[in-house]
Chemist: 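Encoded as structure tokens, here's the structure I'll be asking about.
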Amino acid sequence: DGGAGNVVVKHNWMKANAQYSTAAVSFNNDWPGHYATVDSNYLEGNGGADFTGGAMGKANPNMDHIVVTNNKLSPNNSWGDAAAYGFDPSAPGNVWTNNTNAVTGALIAAPRPL
């Protein structure tokens with residue numbers, strides 16, 4: 001949320017804290033960040049999505065070079081199959097591949113920005 005960059009989140013089990021957040025991983029674009037990788041994690045949201053990607057209808061440009069690959073997203077969130085939102089697959093360098101439902105193994109399509 002503060003324009004950070006060069007972030008790597010890899011090989012973790014992450015669950016949102018019920019008291020403070022709704023997503024296990026959340027990139028917001030109040031001040032767009034760049035160059036973040038989220039790879040090979042188990043993500044479980046709490047009361048919302050497992051992953052939010054930063055392109056959430058704000059006036060600032062979308063985050064770019066955000067790579068989200070090989071993650072398992074829990075269906076244990078209030079969004080059900082829509083376990084992720086706010087990611088812009090058309091922004092420069094953004095990649096969403098091989099992210100699946102942790103229970104069924106079904107691929108989860110790249111979410112669109114809000």
Side-chain angles (χ1 to χ4, degrees):
D1 196 21
N6 299 314
V7 175
V8 176
V9 179
K10 190 169 185 168
H11 296 289
N12 295 284
W13 182 86
M14 300 176 75
K15 181 176 180 172
N17 181 311
Q19 188 173 0
Y20 300 107
S21 64
T22 58
V25 173
S26 181
F27 296 115
N28 298 316
N29 68 333
D30 290 331
W31 299 276
H34 313 278
Y35 299 97
T37 299
V38 180
D39 179 52
S40 301
N41 300 285
Y42 179 90
L43 305 177
E44 184 172 351
N46 184 60
D50 299 325
F51 175 88
T52 61
M56 298 186 295
K58 308 264 175 125
N60 290 322
N62 295 330
M63 295 181 69
D64 60 66
H65 296 88
I66 309 302
V67 177
V68 184
T69 56
N70 306 311
N71 297 287
K72 306 290 184 201
L73 281 67
S74 170
N76 298 329
N77 64 75
S78 63
W79 290 56
D81 290 338
Y85 72 93
F87 179 85
D88 186 355
S90 68
N94 283 5
V95 175
W96 179 279
T97 58
N98 199 36
N99 298 294
T100 60
N101 179 303
V103 173
T104 67
L107 285 173
I108 296 172
R112 293 292 179 182
L114 296 176

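Treat the numbers as computed from the prediction; the structure is a model and nothing was measured.
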Chemist: Check whether Trp96 reaches the backbone of Ile108 with its side chain - one donor and one acceptor, N or O, closer than 3.5 Å.
Modeler: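 Present.
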Chemist: Using the test side-chain hydrogen bond (donor to acceptor under 3.5 Å, both in side chains), find all partners of Asn99 that sit at least two apart in sequence or belong to another chain.
Modeler: Asn71
Chemist: Apply side chain to side chain contact (heavy atoms under 4.5 Å, CB included) to residues Trp13 and Glu44 and explain how you reach the verdict.
Modeler: CA-CA 8 Å; Trp13 182 86; Glu44 184 172 351; 3.9 Å; yes
Chemist: Are Met14 and Val38 grouped together when hydrophobic residues (ILVMFWY) are joined by side-chain heavy atoms under 4.5 angstrom apart?
Modeler: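 Yes: a chain of side-chain contacts under 4.5 Å links Met14 to Val38.
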Chemist: Which heavy-atom pair separates Ala16 from Ala24 by the least distance, and what is that distance?
Modeler: CB-N, 3.9 Å
Chemist: Rounded to the nearest 0.5 Å, how far does CG of Asp64 lie from OH of Tyr35?
Modeler: 6.0 Å
Chemist: Only counting residues at least two apart or in another chain, list the ones meeting side chain to side chain contact (heavy atoms under 4.5 Å, CB included) with Thr104.
Modeler: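 Applying side chain to side chain contact (heavy atoms under 4.5 Å, CB included) to Thr104 gives Asn101, Ala106.
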Chemist: Can you name the residues that form a side chain to side chain contact (heavy atoms under 4.5 Å, CB included) with Thr69, not counting sequence neighbours?
Modeler: Asp39, Val67, Val95, Thr97
Chemist: Where the side chain of Asn94 meets the backbone of His65, is there a donor-acceptor pair that is under 3.5 Å apart?
Modeler: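 Yes; judged by distance alone, with no hydrogens or angles, the pair exists.
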Chemist: Going only through I, L, V, M, F, W and Y residues with side-chain contacts under 4.5 Å, is there a path from Val7 to Val25?
Modeler: yes
Chemist: Looking at OG of Ser40 and NZ of Lys10, how far apart are the two atoms once the value is rounded to the nearest 0.5 Å?
Modeler: 6.0 Å
Chemist: Just to verify, what does Thr100 make a side-chain hydrogen bond (donor to acceptor under 3.5 Å, both in side chains) with, not counting sequence neighbours?
Modeler: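 Counting only residues at least two positions away or on another chain, Thr100 forms a side-chain hydrogen bond (donor to acceptor under 3.5 Å, both in side chains) with Lys72.
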Chemist: Has the side chain of Asn41 got a donor or acceptor atom that lies under 3.5 Å from a matching backbone atom of Leu43?
Modeler: no
